[in-house]
**Q** 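Got a structure for you, written out below as structure tokens; questions coming shortly.
Side chains are part of it too, since the values below use all heavy atoms of this structure and drop only hydrogens, waters and symmetry mates. To find a chain, count down the sequence lines: A is the first, B the second, and so on, and within it residues start at 1.
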Amino acid sequence: MMKKYDHKDIEKKWQDRWEEEGLYKTPNKVPGKDNYYTLVEFSYPSGNLHVGHWYAFSVPDMFARYKRMRGYNSLYPMGFDSFGLPAERAAILHGKNPKDWTYKNMEYMQNQLRSMGASFDWDRRVITSDPEYYRWTQWMFNQFYKNDLAYKANTKVNWCPTDKTILANEQVIDGKCDRCGTEVEQKDQEQWMLKITEFADALTDDLDGLDWNDAIKEAQRSWIGRSEGSEISFKLSSGDSVDVFTTRADTLFGVTYVVLAPEHPLVNKLLDQVENKQEVEKYIEETKKKSELDRQQAKEKTGVELKGITATNPAYRQAGLQNDEEVPVWIADYVLAGYGTGAVMAVPAHDERDFEFANKYGLPIKQVIALQIGERIINAKERLGVSAIIRNSQGKILVQQNEHQRGILHSLPGGGVEEGENVEEALIREIKEETGYTDLEIVFCKGAYEYNFNSPERGYDRKLTEFLYEVKLISDKNEGRHLTDKEKSIIKDDLWLDHNEAIKILKQSNNFCGYAEAILMERKNNYLDGILVNSGKFDGLTSQEAREKITEFVGGKMVKTYRLRDWGISRQRYWGCPIPIVYDPEGNAHAVPDEHLPWLLPEDVDHTPDGTAPLARSKELFERTEKIFGKGWKPEVETMDTFVDSSWYFYRYLDPKNEKEFCSTDSQKDFMPIDIYFGGAEHTTMHLLYSRFWVKALRKIGLTDINEPYTRRINRSLILGPDGNKMSKSKGNVIDPDEVVGFVGADTVRMYLAFIGPYGATSHYPWDPNGVVGIRRFIERFWKTTDFIVEDDTKSLDTLLHKTIKKVTDDIERYKFNTAISAIMIFINEVEKEKKISKEQYSTMVKLLSPLAPHVSEEIWREVLGNSKSVHLEDWPVYDESLIKEEEVNISVSVNGKSRSLVKVPFDSEEEFVLSVAKEDQNVSKWIDGKNIKKIIFVPNKIINIITD
RNA sequence: GCGCAGGUGUUGAAACUGGUAGACAAGCAUCCUUGAGGUGGAUGUGCCCUUACGGGUGUGGAGGUUCAAGUCCUCUCCUGCGCACCA
């Protein structure tokens with residue numbers, strides 16, 4: 001009988017041994033081996049490892065270990081992202097120095113990390129607040145500065161009043177600071193910016209080639225927010241002109257006013273010419289007072305007309321149409337200065353926001369797009385037609401009943417548009433002729449459809465585009481029908497029907513018009529893409545076709561705009577990487593020359609945040625600057641956003657001690673791009689985007705060859721508290737991993753986290769204390785089965801063993817550690833039944849277990865099985881295809897698609913044989929006896945389905 | 001509103017190309033064991049009917065394709081995430 005499983009003894013022992021043996025030291029090059037780079041997001045040294053860290057690091061460790069056993073030189077590095085705000089907060093709270101606090105935390109956490117038993121190569125550790133590291137952060141910043149990728153600009157910035165610093169757009173979540181939740185204010189301030197927008201297209205397009213899941217790609221795409229549209233110029237009555245950005249140039253004929261953002265530069269210029277100057281000034285003042293959040297959440301739109309100023313619709317002007325060409329100009333804060341051109345053409349009929357605004361201020365609404373159904377008929381000669389949904393005061397709809405060679409047909413009143421007549425004129429005429437009603441109002445063009453209009457009289461290659469209008473009867477005044485003789489013979493009767501009855505009867509009618517009319521009636525009034533109406537010579541084009549044609553027609557241009565803004569990196573805080581810039585006495589910025597890097601963070605600073613940069617209070621920094629650069633020179637006193645530090649750390653792991661370069665070209669070639677990057681979903685539009693930008697910027701300058709840093713990306717899910725809520729101190733549902741590890745051991749915790757569900761799934765998993773115990777039980781059972789090892793080479797478990805090898809291998813490749821573990825469990829269950837396993841078989845199982853539970857595997861491998869070399873240096877088992885085949889298989893027997901029984905037959909049995917066995921089965925025979933077998937469906941080794949009459 | 005993921009027992013979840021739905025765990029129930037108080041073992045466990053044999057039903061809902069659908073198609077409801085007065 002083997003000794004009791006004591007995780008405390010085992011885990012400590014092997015962690016020490018591995019370190020002594022240098023087991024996880026990973027050189028850049030190993031002859032005969034390919035490199036594999038597994039990266040996880042390094043951690044912030046908050047002072048204590050939580051369950052999230054375990055999930056983040058120990059499960060990917062299984063993958064890195066697996067790759068090592070698969071023969072790769074597998075790199076799995078770890079470090080600390082150690083600059084940042086929490087250090088300052090904690091330092092203030094405890095009256096300590098941020099540096100001391102941070103470095104003490106790192107020491108403590110590194111020991112906690114060791115208790116995980118992960119295969120980190122600690123020799124490559126990277127600490128972003130070390131001068132040896134941030135020297136290169138500064139060096140790269142200078143490279144960006146020299147290459148016009150970094151610049152200082154006065155912009156609107158997000159200001160967090162609690163943390164007293166600027167935030168990047170990416171760090172503002174729903175108008176609030178992502179660190180402390182305080183509502184963010186807008187401020188005008190100078191800050192250092194990085195030109196991420198220069199790569200907006202590349203950052204969007206290059207996503208296509210990455211092996212990431214769509215959710216992450218889509219999140220980045222929508223964050224970048226590329227939108228393709230047109231810039232169109234409107235002439236103002238003041239003589240100025242204003243460019244608007246629109247994605248809907250096809251609706252240009254529907255413009256009924258133009259809106260400028262209150263901050264639009266033209267507004268100031270026009271101020272002296274407007275008749276209501278005071279009112280306009282007042283509105284601009286009010287807008288300034290509103291926070292960004294207020295503006296976003298405004299329930300109702302507001303705005304002021306610039307009285308006396310009008311804009312000319314270029315479409316009308318050039319199309320030679322006279323009516324409606326002058327439209328009013330407004331300012332309104334629903335138009336944002338920072339997006340597009342800061343000015344829009346308003347089309348209330350086809351834009352919800354414009355519609356709301358137009359309704360409120362009584363501006364005209366003009367429909368120019370109608371819904372289209374059916375296929376477009378290309379290259380056919382066109383005729384236009386109209387028909388009407390006429391509603392009376394009771395809301396009933398008029399359907400005409402016609403007699404035709406084909407029988408009784410139903411349709412709505414309507415007909416063709418004549419030469420020299422526009423669509424609405426034709427509509428009124430046709431209604432009058434066919435129904436006699438004259439007192440009516442056109443409400444809306446419901447839509448349009450096309451159909452073949454070919455016949456010998458009319459000629460071929462003809463199509464009819466028929467517009468369907470909603471028309472309201474104002475009174476029942478009726479002048480009687482005016483029908484031609486032919487029409488008289490057809491129109492029999494008028495039916496007044498409910499909406500649904502009308503649709504039903506039209507749908508059943510044996511003519512395409514009636515059917516198409518019914519389909520259109522069923523649709524909601526749709527403001528999106530469709531077919532142009534009321535647009536002069538563009539009538540009948542689809543929205544898609546019209547966009548470019550109309551833009552070109554009015555001399556506009558097709559453009560792209562982006563939601564993404566440049567990345568503001570200035571922080572008015574102490575504990576960060578100093579921006580390596582000095583100003584000459586005239587105030588011009590100069591990069592600190594390379595020989596003075598690292599440009600050290602001064603230590604003689606009272607770091608209490610007060611809204612100004614703490615570095616401004618450092619005597620040492622100012623003296624240093626004057627000493628090096630001369631009298632009157634001043635240092636930049638802002639520090640960098642910590643996301644800068646983490647934008648390139650994965651390079652430094654590859655060449656951590658290099659004093660001449662941030663990472664040698666050779667080292668880059670060894671490991672970049674990263675094969676797999678595991679991390680948190682919260683970084684999708686922050687770190688993940690910033691670091692992609694960083695690599696593209698480095699590449700542009702010629703400092704790296706790669707275009708994308710991460711070949712694959714897996715976002716892990718969240719571990720919730722046992723109550724199903726996010727772990728938080730206030731809820732009292734926080735699991736302390738140290739405590740659990742002390743109780744059940746690191747191997748159990750690792751495996752529990754891997755077993756909980758597929759890594760990278762979108763669901764979140766609650767911590768289940770019983771589940772932990774279940775894994776512990778399993779490890780003990782694995783441990784105890786060593787008692788069943790026998791010297792003779794028993795083969796009885798071979799089939800299952802090789803199936804297990806295959807399953808575990810395939811599952812780990814797909815990050816499905818949960819099913820990999822369950823496969824091992826199934827095997828161990830079987831061993832317990834057999835009570836007999838050969839040493840060779842057992843060795844294979846220990847290898848399969850070793851990436852998942854490295855300590856207990858090593859203990860069994862070396863102490864029980866008596867190996868001298870570590871199991872973690874072994875080759876991964878290879879399954880034997882010939883052993884996987886079962887000698888006998890269970891085949892499911894179905895009768896008429898319903899599963900009725902299982903029959904056991906030799907592997908690869910023929911259909912006839914399986915059928916004969918199945919027929920003998922009572923549970924089958926009772927369903928087929930006396931019935932005629934019509935058909936047999938047979939899938940070898942899987943199923944036989946017997947179809948009877 | 002737009003986009004993306006997802007919806008399967010009491011719970012975490014399995015089910016590769018359509019082919020025995022619920023593997024593996026956890027929970028629960030009954031029993032056995034034990035030095036009781038988070039780590040022993042056996043059996044059972046989707047739901048309904050049946051003493052059993054067995055039958056019916058079942059993967060958010062409604063249709064469809066197919067010999068066969070959790071899986072494919074159409075529509076629809078719900079949940080989570082991203083974006084959003086973005087023109």
Side-chain angles (χ1 to χ4, degrees), chain A residues 5 213-227 229-230 244-248 251 259 261 295-301 332-336 338-347 350-354 356-357 528 561-563 681-682 684-685 715 724 743-745 748 752 755-758 761-781 807 810-811 814 816 818-826 829 890-902 922-923 926 934-939 941-948:
Chain A
Y5 170 60
N213 72 44
D214 281 345
I216 312 176
K217 289 188 189 181
E218 276 310 311
Q220 287 210 354
R221 279 196 197 100
S222 60
W223 182 264
I224 296 164
R226 178 162 69 193
S227 143
S230 322
V244 302
F245 173 72
T246 181
T247 55
R248 296 300 306 274
T251 62
V259 196
R295 242 173 112 161
Q296 273 173 25
Q297 291 171 352
K299 292 163 241 47
E300 216 175 73
K301 297 192 186 352
D333 66 4
Y334 80 90
V335 175
L336 307 176
Y339 186 80
T341 59
V344 305
M345 54 179 232
V347 186
H350 306 292
D351 182 283
E352 268 179 63
R353 291 151 304 167
D354 297 341
E356 192 192 317
F357 193 79
L528 301 173
T561 52
Y562 306 87
R563 210 194 72 96
E682 70 276 16
T684 301
T685 55
N715 277 3
F743 190 65
V744 295
T748 298
Y752 167 68
F755 188 60
I756 206 163
T762 46
S763 50
H764 294 167
Y765 307 116
W767 178 272
D768 176 8
N770 287 317
V772 178
V773 170
I775 294 292
R776 167 70 189 210
R777 269 203 287 259
F778 165 71
I779 291 179
E780 288 199 23
R781 279 169 47 211
K807 176 85 178 139
D810 291 351
D811 286 350
R814 295 184 295 152
K816 296 198 59 171
N818 55 334
T819 46
I821 292 170
S822 100
I824 298 175
M825 286 174 167
I826 289 167
N829 291 347
N890 284 322
I891 289 193
S892 166
V893 185
S894 293
V895 181
N896 293 327
K898 267 197 204 303
S899 167
R900 293 299 176 188
S901 189
L902 281 181
Q922 230 189 0
N923 289 331
K926 74 180 189 193
K934 211 162 65 177
K935 197 176 171 188
I936 302 284
I937 285 136
F938 178 70
V939 182
N941 301 319
K942 279 194 175 157
I943 196 165
I944 183 159
N945 190 2
I946 304 164
I947 314 299
T948 65

**Q** Choose from B:G41, B:G19, B:A13 the nucleotide whose nearest atom is closest to any side-chain atom of A:Arg781.
**A** B:G41
**Q** Work out how far the C1' atom of B:G38 is from that of B:G27, and round it to whole angstrom.
**A** 14 Å
**Q** Which residue in the set A:Ile937, A:Ile936, A:Val939 passes side chain to side chain contact (heavy atoms under 4.5 Å, CB included) when paired with A:Ile944?
**A** A:Ile936
**Q** Decide, applying a 5.5 Å centre-distance limit and a 30° plane-angle limit (both strict), whether A:Phe755 stacks on B:G12.
**A** no
**Q** Say we look at B:A29 and B:U74: how far apart would their C1' atoms be, to the nearest angstrom?
**A** 45 Å
**Q** Please report the distance separating the C1' of B:G37 from the corresponding atom of B:C48, rounded so that it comes out in whole Å.
**A** 40 Å
**Q** Counting only side-chain heavy atoms from C-beta out, which of B:A5, B:U17, B:C24 sits nearest to A:Ile826?
**A** B:C24
**Q** Applying the Watson-Crick and G-U wobble criteria at under 3.5 Å, what pairs with B:G44? Answer none if nothing qualifies.
**A** B:C28
**Q** Under a 3.5 Å cut-off for both contacts, is B:U51 paired Watson-Crick or G-U wobble with anything, and if yes, with which nucleotide?
**A** none
**Q** Can you tell me the base-pairing partner of B:G63? Count Watson-Crick or G-U wobble geometry only, both distances below 3.5 Å, and say none if there is no partner.
**A** B:C73
**Q** When you compare B:C72 with B:U66, how far apart are their C1' atoms, in angstrom units rounded to a whole number?
**A** 10 Å
**Q** Is B:U17 paired to anything, Watson-Crick or G-U wobble with both distances less than 3.5 Å, and if yes, which nucleotide?
**A** none
**Q** With respect to the side chain of A:Met825, which nucleotide from B:C24, B:C67, B:G56 is positioned closest?
**A** B:C24
**Q** Who is the Watson-Crick or G-U wobble partner of B:C81, with both distances under 3.5 Å?
**A** B:G3
**Q** Taking syn as a glycosidic torsion within 90° of 0 and anything else as anti, which one is B:G7?
**A** anti
**Q** Could you work out the separation of B:U50 and B:A42 based on their P atoms and round it to a whole Å?
**A** 32 Å
**Q** How would you label the contact of A:Leu902 with the nucleic acid (heavy atoms, under 4.0 Å): base, sugar-phosphate, or nothing?
**A** base
**Q** Give me the atom names and distance for the closest heavy-atom approach of A:Val244 to A:Thr341.
**A** CA-OG1, 3.4 Å
**Q** Just checking A:Asp354: base, sugar-phosphate only, or nothing, at a heavy-atom cut-off of under 4.0 Å?
**A** nothing
